[in-house]
Participant: 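Here it is: the structure, laid out below.
Please read all numbers here as calculations on a predicted model, not as lab measurements. We count residues from 1, following the sequence as given.
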Amino acid sequence: MIGAVFAIAVNGRFGPDTTPADVAQFVASARAGYEEGDSIPALETEGLIRAALGEAELADNISPDVALGAELFVLTKILQDANPTPEQLNAFVTEAEQTAAEYM
C-alpha cells in the first residue's frame, strides 16, 4: 500500500519533464527542512522518486527498510506541501487503495 501511495504522490508532484536535478533539489530541500533530515539517505531517496517516475532500475538495490523510511518521508513532505482538502485527501486515498488492490 505504501508503494502505491508513494508512486501516486510522486507522479502527482513531479511532471513528465522532471530532471534528476529537480529531484535532487526537492530531496535536499526536504531534508534541510526536517530536524532529522540528515538521517534520510539522499541518493536512495532520489532513486526511489526517479524509480516512481519511470527509472525503475534505480530502486533495485535499495533495501526495504531504507525504502520504507524514504517513501514515508517523501510522502509526508508532498502531502504537507500540497495541503489537500479533506475531499482531495479522500480521493487520493481511494486512488491509492485501487492501485494497491491491482497488485495484490
Participant: Counting only heavy atoms not in D60 (residues, nucleotides, ligands), do more than 12 fall under 6.0 Å from its CG?
Facilitator: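 Check passes, neighbour count above 12.
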
Participant: With side chain to side chain contact (heavy atoms under 4.5 Å, CB included) as the test, would you mind laying out the steps for Y34 and K77 before giving the verdict?
Facilitator: CA-CA 9 Å; Y34 179 57; K77 177 64 175 156; over 6 Å; no

Participant: Using 0.5 Å steps for rounding, measure from the CG atom of D22 to the CZ atom of R13.
Facilitator: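 Interatomic distance, D22 CG to R13 CZ, rounded to 0.5 Å: 8.5 Å.
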
Participant: Between L58 and G47, what is the shortest heavy-atom contact and its length?
Facilitator: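 Taking every non-hydrogen atom into account, CB-O, 3.7 Å.
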
Participant: Just by modelled atom types, is the T85 backbone N or O under 3.5 Å from a matching donor or acceptor in the Q88 side chain?
Facilitator: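 A pair under 3.5 Å: yes.
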
Participant: With a 6.0 Å cut-off (strictly less than), is the heavy-atom count around CD of Q25, excluding the residue itself, greater than 12?
Facilitator: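 No, CD of Q25 has 12 or fewer neighbouring heavy atoms, counting only those of other groups under 6.0 Å.
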
Participant: Which residues satisfy the side-chain hydrogen bond (donor to acceptor under 3.5 Å, both in side chains) test with T94, sequence neighbours excluded?
Facilitator: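 For T94, no residue satisfies side-chain hydrogen bond (donor to acceptor under 3.5 Å, both in side chains) once neighbours in sequence are set aside.
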
Participant: Over all heavy atoms of both residues, which pair between A42 and R31 is shortest? Give the atoms and the distance, please.
Facilitator: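 Distance-wise, the nearest heavy atoms are CB-NH1, 3.4 Å.
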
Participant: What is the minimum heavy-atom distance between A67 and L48, and which atoms define it?
Facilitator: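 Closest approach of A67 to L48, heavy atoms only: CA-CD1, 3.6 Å.
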
Participant: May I ask whether L89 and L75 are part of the same hydrophobic cluster, defined by side-chain heavy atoms of I, L, V, M, F, W, Y residues being less than 4.5 angstrom apart, directly or through others?
Facilitator: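 Shared cluster, yes.
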
Participant: Please report the closest heavy-atom contact between A52 and A7, naming both atoms and the distance.
Facilitator: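 Shortest heavy-atom separation between A52 and A7 comes out as CB-CA, 4.2 Å.
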
Participant: Tell me the closest heavy-atom pair linking T99 and A4, and the distance in Å.
Facilitator: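 Of all heavy-atom pairs spanning T99 and A4, the closest is CG2-CB, 3.9 Å.
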
Participant: Could you go through D81 and F26, starting from their C-alpha distance and side-chain angles, then the distance that decides it, and tell me whether this counts as side chain to side chain contact (heavy atoms under 4.5 Å, CB included)?
Facilitator: CA-CA 11 Å; D81 289 351; F26 170 83; 4.3 Å; yes

Participant: Looking at N90 and E87, would you say the former's side chain and the latter's main chain have a donor-acceptor pair under 3.5 Å?
Facilitator: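 A pair under 3.5 Å: no.
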
Participant: To the nearest 0.5 Å, what is the distance between CZ (R50) and CZ (F14)?
Facilitator: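 If we round to the nearest 0.5 Å, R50:CZ and F14:CZ are 11.5 Å apart.
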
Participant: Closer than 3.5 angstrom, by distance alone: can the side chain of T18 be matched with the main-chain N or O of G15 as a donor-acceptor pair?
Facilitator: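 Judged by distance alone, yes, a pair lies under 3.5 Å.
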
Participant: Ignoring hydrogens, what is the shortest heavy-atom contact between T45 and A70? Give both atom names and the distance.
Facilitator: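 Closest heavy-atom pair between T45 and A70: OG1-CB, 3.4 Å.
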
Participant: Among I78, I49, L68, which residue meets the side-chain contact (heavy atoms from CB on, under 4.5 Å) test with F6?
Facilitator: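 Passing option: I49.
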
Participant: Just how far is it from atom CD1 of I2 to atom CD of E71, taken to the nearest 0.5 Å?
Facilitator: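 Going from the CD1 atom of I2 to the CD atom of E71 covers 7.5 Å.
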
